[in-house]
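Worksheet: the structure to be examined is printed underneath.
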2 protein chains.
Amino acid sequence: MGGFGVLDAGKERFQGYRFIPMSGLPKATVVRLPRYLRLLEDLASSRDTVSSDDLALAAGANAANVRRDLSHLDFHGVRGLGYSVRELRDRIRSELGIDKRRRVIIIGAGNLGRALANYGGLAKRGFDVAGVYDNAPKRIGKSIGGIEVRDIGGFEDDWASGEFDMVILAVPANAAQQVTDRLVRAGVRLILNFAPARVRVPDDIQVRQVDLSTELQILSYYGSS
Amino acid sequence: MGGFGVLDAGKERFQGYRFIPMSGLPKATVVRLPRYLRLLEDLASSRDTVSSDDLALAAGANAANVRRDLSHLDFHGVRGLGYSVRELRDRIRSELGIDKRRRVIIIGAGNLGRALANYGGLAKRGFDVAGVYDNAPKRIGKSIGGIEVRDIGGFEDDWASGEFDMVILAVPANAAQQVTDRLVRAGVRLILNFAPARVRVPDDIQVRQVDLSTELQILSYYGSS
DNA sequence: TAGATTGTTAATCGATTAACAATC
DNA sequence: TAGATTGTTAATCGATTAACAATC
């Protein structure tokens, strides 16, 4: 987290003589919303209301924490009863910007890119894999999860169509920065980086990094201490 | 993260009349160590020393933050000069418990499990994939990344050999909890969960969760705000 | 010495949590 | 009404950061 000017929501700015909240929710709250959402989607068919206690249990948080999170959303429950499952589900979806389906591009059709493209769970959560790109001739034209791998050379034109929302980067570490620069130049603003390398981007571009080795190393620490 | 009693390092306990640090490093520090390590490994062949400024840039942190992190390790630099690249690299490795190679088991030989097993980057960072397990007859016996997929039925016996350090869980969401329970019963204490479902474990088991949809949802929030 | 960089202090910030009045 | 659960306050905790004396 932090760094590179990205994902710095929750900051405040001194403007005149008052503090004006700048960009919405505290970071910690945003991270919990998808966890709440998952429970709510499971519950939507069977229950009408849910308590902060239930939500806390599912999200690994404290019930007071949940109530504070939801009041940040200006979402209110009913004392003695709890929160409306469906209304809260819809509210969180709209807050996360996934009340509409989102179209995702995957860059890199190696092992990881293919695994991600084939992963059906995305569609269930509102994300459609709308394209897979690579630069290796032997991969271009092959079909993955029902999508044809395209030549990265055509990426800029395709992206310019404005039909896509975000990019998942699944290229080798040594290509990550170069490809990222290219994405940014093409106008991509949201990048989920699976390449095992941190990339630098301008302040107005959002990058999240997911790295297997890093996770294992952190886990290893907690195993040996 | 938090919740389920895992990864709660950095707590302190009131004992008698003094505060005794309980389990080592602050969580935020642990998360940054792998980032420092990555830079140090890159630098080890070309430079002898590195400044807190360089480390901060690579890790997306503040220089003062870096210096504080390293002093938590009781690792000291030289004023005016910086920190010894190799000594710091070795110190962090030992702190993370990866001064020896670690043997990792992957459970689930679907798309994701296969991608992870094939991912060469792990070996470079000190982790060896020492086994892949599945319960589907059509997958058992197949070879992935030079390793034969074994029947999950034999997992308990294999794990009892004591040769393995951690488990990567790459099974479908609906199997995650059940498989996790089984791992815990077999004596697994470190689990990296790639299944798109939170799992509950006893307090002394460490779980880290990595979930693609969650990451995309968080990213989506920062795109729409 | 002069310049560079550490190690640490003190202030601030952001997040968590217990507790409880409000109220369905 | 009695029981349940919210919404919010106040205290605490953990993390960040600017600043600067120490010192290589």
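In what follows, every chain begins at residue 1, and chains take the letters A, B, ... in the order their sequences are listed.
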Is [X] near enough to [N] that one of its side-chain N or O atoms lies under 4.0 angstrom from OP1 or OP2?
{"X": "B:H76", "N": "C:dT6", "answer": "no"}
{"X": "B:Y83", "N": "C:dG7", "answer": "yes"}
{"X": "A:S52", "N": "D:dT6", "answer": "yes"}
{"X": "A:N62", "N": "C:dT16", "answer": "no"}

Legend entry - Gap separating the CZ atom of A:R198 from the CZ atom of B:R35, nearest 0.5 angstrom: 4.5 Å
Would you mind reading off the distance between [X] atom [atom1] and [N] atom [atom2], rounded to a whole angstrom?
{"X": "B:R68", "N": "D:dA18", "atom1": "CZ", "atom2": "P", "answer": "13 Å"}
{"X": "B:L70", "N": "C:dT5", "atom1": "CG", "atom2": "P", "answer": "15 Å"}
{"X": "B:N65", "N": "C:dT6", "atom1": "CG", "atom2": "P", "answer": "14 Å"}
{"X": "A:L55", "N": "D:dT6", "atom1": "CG", "atom2": "C1'", "answer": "12 Å"}
{"X": "B:R67", "N": "D:dA15", "atom1": "CZ", "atom2": "P", "answer": "19 Å"}
{"X": "B:D53", "N": "C:dG3", "atom1": "CG", "atom2": "C1'", "answer": "15 Å"}
{"X": "A:H72", "N": "C:dT16", "atom1": "NE2", "atom2": "C1'", "answer": "12 Å"}
{"X": "B:D74", "N": "C:dT6", "atom1": "CG", "atom2": "C1'", "answer": "15 Å"}

Among [options], the nucleotide that comes nearest once only the side chain of [X] is considered:
{"X": "B:R79", "options": "C:dA15, D:dC24, C:dC24", "answer": "D:dC24"}
{"X": "B:V78", "options": "C:dT8, C:dC24, D:dC24", "answer": "D:dC24"}
{"X": "A:S71", "options": "D:dT8, D:dT23, D:dT17", "answer": "D:dT8"}
{"X": "B:P26", "options": "D:dT17, C:dT6, D:dA15", "answer": "D:dA15"}
{"X": "A:K27", "options": "C:dT8, C:dA15, C:dT17", "answer": "C:dA15"}
{"X": "A:A28", "options": "C:dA15, C:dA18, D:dA19", "answer": "C:dA15"}

Inset, instruction - Assign each of A:L81 and B:G80 to its nearest nucleotide of DNA chain C by heavy atoms, then name whichever residue's nucleotide is nearer the 5' end. - result: B:G80
Inset, instruction - State whether the side chain of A:R114 and the backbone N or O of B:A115 hold a donor-acceptor pair below 3.5 Å, judged by distance alone. - result: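 Side chain of A:R114 to backbone of B:A115, a donor-acceptor pair under 3.5 Å: no, none is there.
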Inset, instruction - Check the surroundings of atom CD in B:Q178: do more than 12 heavy atoms from other residues, nucleotides or ligands lie under 6.0 Å from it? - result: no
Inset, instruction - Mark yes when over 12 heavy atoms from residues, nucleotides or ligands other than A:E163 sit less than 6.0 Å from its CD; otherwise mark no. - result: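 Buried by this count: over 12 neighbours within 6.0 Å.
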Legend entry - Who pairs with C:dG7 - Watson-Crick or G-U, where each distance is under 3.5 Å: D:dC20
Inset, instruction - Could you check which nucleotide pairs with C:dA15 in any of the strands shown, counting Watson-Crick or G-U wobble with both distances under 3.5 Å? - result: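 Check on C:dA15: paired to D:dT12, both distances under 3.5 Å.
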Inset, instruction - Given salt bridge (Lys or Arg N to Asp or Glu O under 4.0 Å), test A:D54 with A:R47 step by step and report yes or no. - result: CA-CA 12 Å; A:D54 293 339; A:R47 292 182 49 184; 3.3 Å; yes
Legend entry - Check: A:L25 and A:E95 side chains under 4.5 Å, non-hydrogen atoms: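 Side-chain contact under 4.5 Å: yes.
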